[in-house]
Amino acid sequence: MASGKHSTPKKGSGSQKAAASKAPKGGKAAQASKAGKNSLRGVLLVVLALAVVVCAFAVKVAPRLFEQPAQVASGEVVTVEIPAGSSTKQIADILKESGVIARESEFVDAVKYRGVADQLKAGTYRFVGGEDISGIIEAMLTGNTGFTLTIPEGFTARKIADTAAAVCELDADEFYRLTMSASSYENDYPFLKGAYNNSMEGYLFPDTYAVEYGTSPDAVIRMMLDNFSAQIASVDMSYASSKNLTTQDVVILASMVEKESRRDSDKAQIASVFYNRLHEGMSLGSDVTTYYAVGKELTEELTVSDLSSDSPYNTRNPEHRGLPAGPICNPGLASLKAAAHPDETDYLYFFYSQSRDKTMFYKNQASFDQGWAKYGQ
C-alpha cells in the first residue's frame with residue numbers, strides 16, 4: 001500500500017508481487033543499473049572536458065582580456081602612431097594601449113568638452129609619461145609630431161636640462177652648460193644682466209613646449225627665455241619697486257615662494273612673510289634655500305652643518321640677512337605675481353602642517369612655537 005502500513009496480502013497475490021520484485025540476474029533491474037552507470041560516466045566526461053576548456057581559457061585567453069597596459073613612467077618617452085581617419089575613441093584606445101593615458105574616457109571626455117574631435121591630426125607623436133591630457137590634445141591639434149616638452153613649475157636648471165635631454169634627444173651637459181652662460185644671452189635678454197653665478201636659474205619659464213626634431217639646446221633655451229620675457233611683462237612690479245626691489249629680486253623671491261607653497265592660494269601670504277622679515281631686518285629663515293645651497297632634495301633631512309652653511313643661498317644661517325644670492329628654481333607666473341605684490345599681513349612665520357593639510361601663519365615666535373608643537377608633526 002502507498003500508506004506504508006503492513007497488511008496481510010491475499011493468498012497468491014503477495015507471492016507473485018514478491019517474485020516480481022526479485023528480478024532474475026540480467027533482467028530489467030540490471031539493465032537499468034548499467035544504463036545509470038553509463039549515464040554517470042558520460043556526465044563525468046562532459047564535466048572533465050569543460051574543466052579542460054576552462055583551464056585553457058584561464059591560461060591563454062583570460063590574461064589578455066583583463067590585463068591593463070602599464071602606464072609609462074614619468075619622464076619616459078613613448079612613440080605613438082595615429083593612423084589617418086582614426087576616431088576619438090580609436091585614438092584613446094591607442095594612447096591607453098601605449099601607456100600614455102590611464103583611462104580612455106578622460107581623453108574622450110576632454111576632446112568632446114573642447115569640441116575638437118574633427119581637428120585631431122594623424123601622425124607619429126612622441127609623448128612623455130606623466131603628460132597631462134590637455135598637452136596631448138594640443139600636440140594633436142597642431143599636428144606637432146616632434147617632441148612635447150613639459151617643464152613643471154619649480155624645476156631647477158639642472159632638472160630642466162635632464163628633462164629636455166630625455167624628451168628631445170639632446171645632450172644634457174651641453175644644455176646645462178648653456179644655462180650657466182647667461183652673459184652670452186644678455187644682449188637678447190636684458191633681464192639676464194648681472195645674473196648671479198652667470199646662471200639662468202629663475203628665467204627658464206616652466207611651460208609645455210612643442211619642440212621639432214633636431215632642435216638645438218640653444219633654441220630650446222631661447223624658447224624658455226622668450227616665454228619668460230612675455231610672462232614677466234604681465235606682472236605688475238609697482239609694489240615691489242616701492243619697496244626698492246628689482247625684477248631680479250622679485251624672481252628670487254618668487255623662486256622661494258614656488259618651493260615653499262603647496263597651493264597657489266597660499267603664495268601671496270608666504271610672500272608677505274618674506275617682505276615683513278626683510279622690513280624687520282630678520283634672516284628669511286627659509287629651509288628651501290638651504291636645500292638648494294647644500295644640493296639636497298626636499299625629501300632629505302637637513303643637518304646642523306647644513307643649516308649653518310655659509311653658502312650665499314642659505315637663509316637659515318642667522319648671519320645671513322636679505323635675499324639669497326640668486327633664484328633657487330624656475331618659478332611659474334602665480335609665484336611671480338605673488339612675489340611682486342604680496343598680501344598685506346603682520347605674519348613673520350609660517351610652516352606647512354601635514355596633519356591639517358594647510359599652511360599655518362603666525363605673527364611672533366611664541367605663537368609659532370606653540371603652533372609647531374601642536375601641528376608641526
Side-chain angles (χ1 to χ4, degrees), residues 132 134-135 138 150-157 159-160 179 182 189-196 199-209 221 223-280 284-289 291-292 298 313 315 322-352 358-361:
D132 58 31
S134 62
E138 285 301 322
T150 300
I151 303 300
E153 296 168 345
F155 262 29
T156 62
K159 283 188 176 180
I160 290 175
T179 70
Y189 306 100
F191 51 79
L192 291 177
K193 288 181 179 179
Y196 180 75
S199 171
M200 294 181 191
E201 193 80 270
Y203 304 95
L204 303 171
F205 197 78
D207 207 339
T208 296
Y209 297 90
I221 288 171
M223 288 181 191
M224 296 178 182
L225 295 175
D226 287 339
N227 200 358
F228 176 86
S229 182
Q231 298 295 336
I232 199 67
S234 70
V235 178
D236 181 1
M237 292 288 181
S238 58
Y239 182 85
S241 296
S242 73
K243 302 299 180 182
N244 299 315
L245 296 180
T246 66
T247 296
Q248 288 187 336
D249 293 334
V250 169
V251 174
I252 292 171
L253 276 171
S255 72
M256 296 171 63
V257 170
E258 190 68 66
K259 283 295 191 182
E260 290 280 15
S261 59
R262 301 295 182 99
R263 299 180 177 90
D264 284 353
S265 58
D266 292 334
K267 290 181 176 181
Q269 284 191 308
I270 291 174
S272 78
V273 172
F274 293 140
Y275 269 79
N276 293 340
R277 291 177 77 96
L278 287 171
H279 179 74
E280 295 294 327
L284 295 184
S286 173
D287 284 351
V288 294
T289 65
Y291 278 103
Y292 187 83
L298 296 181
Y313 287 99
T315 65
L323 295 169
I328 61 171
C329 72
N330 294 275
L333 185 59
S335 293
L336 287 166
K337 288 184 174 181
H341 203 293
D343 286 349
E344 292 188 21
T345 74
D346 295 326
Y347 297 135
L348 291 171
Y349 301 86
F350 72 90
F351 68 87
Y352 175 76
K358 66 181 295 187
T359 302
M360 314 289 290
F361 295 90

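No experiment lies behind these values; they were computed from the predicted model shown.
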Is a side-chain donor or acceptor of [X] paired with a backbone partner of [Y] at a separation under 3.5 angstrom?
{"X": "Ser229", "Y": "Asp226", "result": "no"}
{"X": "Ser234", "Y": "Gln231", "result": "yes"}
{"X": "Asn330", "Y": "Leu204", "result": "yes"}
{"X": "Ser286", "Y": "Thr315", "result": "no"}
{"X": "Thr246", "Y": "Asp249", "result": "yes"}

State, yes or no, whether a side-chain contact exists between [X] and [Y] at a heavy-atom distance under 4.5 Å.
{"X": "Leu192", "Y": "Leu225", "value": "yes"}
{"X": "Pro206", "Y": "Pro152", "value": "no"}
{"X": "Leu278", "Y": "Leu323", "value": "yes"}

Once rounded to the nearest 0.5 Å, what's the spacing between atom [atom1] of [X] and atom [atom2] of [Y]?
{"X": "Phe361", "Y": "Asp346", "atom1": "CZ", "atom2": "CG", "value": "13.0 Å"}
{"X": "Lys243", "Y": "Ser238", "atom1": "NZ", "atom2": "OG", "value": "11.5 Å"}
{"X": "Ile221", "Y": "Met200", "atom1": "CD1", "atom2": "CE", "value": "5.5 Å"}
{"X": "Lys259", "Y": "Arg262", "atom1": "NZ", "atom2": "CZ", "value": "11.5 Å"}
{"X": "Tyr352", "Y": "Met360", "atom1": "OH", "atom2": "CE", "value": "11.0 Å"}
{"X": "Thr359", "Y": "Arg263", "atom1": "OG1", "atom2": "CZ", "value": "7.0 Å"}

Taking all non-hydrogen atoms of both residues, which atom of [X] and which atom of [Y] are closest, and how far apart?
{"X": "Tyr313", "Y": "Pro324", "answer": "O-CB, 3.8 Å"}
{"X": "Val250", "Y": "Leu336", "answer": "CG1-O, 3.9 Å"}
{"X": "Thr247", "Y": "Met237", "answer": "CG2-CE, 4.1 Å"}
{"X": "Ala157", "Y": "Glu201", "answer": "N-OE1, 2.7 Å"}
{"X": "Glu153", "Y": "Leu333", "answer": "OE2-N, 4.5 Å"}
{"X": "Gly202", "Y": "Pro327", "answer": "CA-CB, 3.8 Å"}

Next on the checklist: Quick one, Glu258 with Lys267, criterion salt bridge (Lys or Arg N to Asp or Glu O under 4.0 Å). Give me CA distance, side-chain angles, the key distance, then yes/no.
Outcome noted: CA-CA 8 Å; Glu258 190 68 66; Lys267 290 181 176 181; 3.4 Å; yes
Distance-only donor-acceptor hits, side chain of residues 268-275, under 3.5 Å, sequence neighbours excluded:
from   : atom 1 : to     : atom 2 : distance (Å)
Ser272 : OG     : Gln269 : O      : 2.5
Ser272 : OG     : Thr345 : OG1    : 2.8
Tyr275 : OH     : Ala339 : O      : 2.7

Item to check | Full working for side-chain contact (heavy atoms from CB on, under 4.5 Å) between Thr156 and Tyr292 | outcome: CA-CA 9 Å; Thr156 62; Tyr292 187 83; 4.2 Å; yes
Checklist entry - Does Tyr347 have Arg277 sitting over its ring (NZ/CZ under 6.0 Å from centre, angle to axis within 45°)? => result no
Checklist entry - Quick one: do the Tyr209 and Asn227 side chains pair a donor with an acceptor below 3.5 Å? => result yes
Next on the checklist: Going by the rule ring-ring contact (aromatic ring centres under 6.0 Å, His included), which residues pair with Phe191 if we only count those two or more places apart in sequence or in a different chain?
Outcome noted: Tyr189, Tyr203, Phe228
